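Heavy-atom basis, side chains included; hydrogens, waters and symmetry copies ignored. Predicted model, so just to flag it, every value in this text is computed and none were measured. Just follow the structure's listing: the first ligand is 1, and inside any ligand the first atom is 1.
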Amino acid sequence: MATSTYHLSCDCGDVKIIARGEPEVSLYCHCGSCRALYGTVMLAATVWSDDKVELPGSDRVIDYKMSDRDMRRFVCKNCGVTVYGRHSPGMPVIPHSMFRKANGGELPAELAPTMHLFYRDRVLDVADDLPRSEGGELIGM
Ligand SMILES: [Zn+2]
Ligand SMILES: [Zn+2]
């Protein structure tokens with residue numbers, strides 16, 4: 001099986017991330033925490049195990065932590081792009097937007113999301129055929 005290597009970057013190029021192989025899961029998360037942390041109606045992201053990603057040093061990013069829970073996202077100090085997050089279950093979470101940026105605007109086909117997480121908490125209905133986890137249960141992992 002071919003192994004993919006993704007070279008990701010913020011807009012200004014100061015922050016680089018390398019991801020190798022396959023993520024643990026690619027999904028949409030509708031939970032209130034992700035919506036608050038990322039400032040969006042849902043999070044579209046991939047979740048990786050630490051041994052598959054090379055993350056930027058702490059000198060390159062602002063480490064933003066939510067005041068009331070241990071959920072963080074890391075932002076390029078120079079251009080402000082959110083490059084990844086770290087929250088439950090503790091693994092690096094890389095938004096689809098980072099992969100789109102590196103791939104001419106398209107999400108690489110093999111990273112297509114496979115489920116909706118916390119669908120009961122949604123603020124926006126989504127019309128697709130993906131499995132829905134009403135709570136935090138991961139489907140197919
Ligand atoms: Zn930047
Ligand atoms: Zn979430």
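Distance check for H87 against the Zn ion (ligand 2): none of its N/O/S atoms falls below 2.8 Å. For the Zn ion (ligand 2), the N/O/S atoms of H30 include none lying under 2.8 Å.
Between the OH atom in Y119 and the NE2 atom in H30 there is a gap of 6.0 Å [rounded to 0.5 Å].
Between S133 and E137 the shortest heavy-atom distance is OG-O, 2.6 Å.
No hydrogens or angles considered: a donor-acceptor pair under 3.5 Å links the side chains of R69 and S33.
With the Zn ion (ligand 1) as vertex, C79 SG and C12 SG subtend 120°, rounded to 10°. Rounding to the nearest 10°, we obtain 110° for the angle at the Zn ion (ligand 1) between C10 SG and C76 SG.
Within a 6.0 Å sphere centred on CG of D59, other residues, nucleotides and ligands contribute more than 12 heavy atoms.
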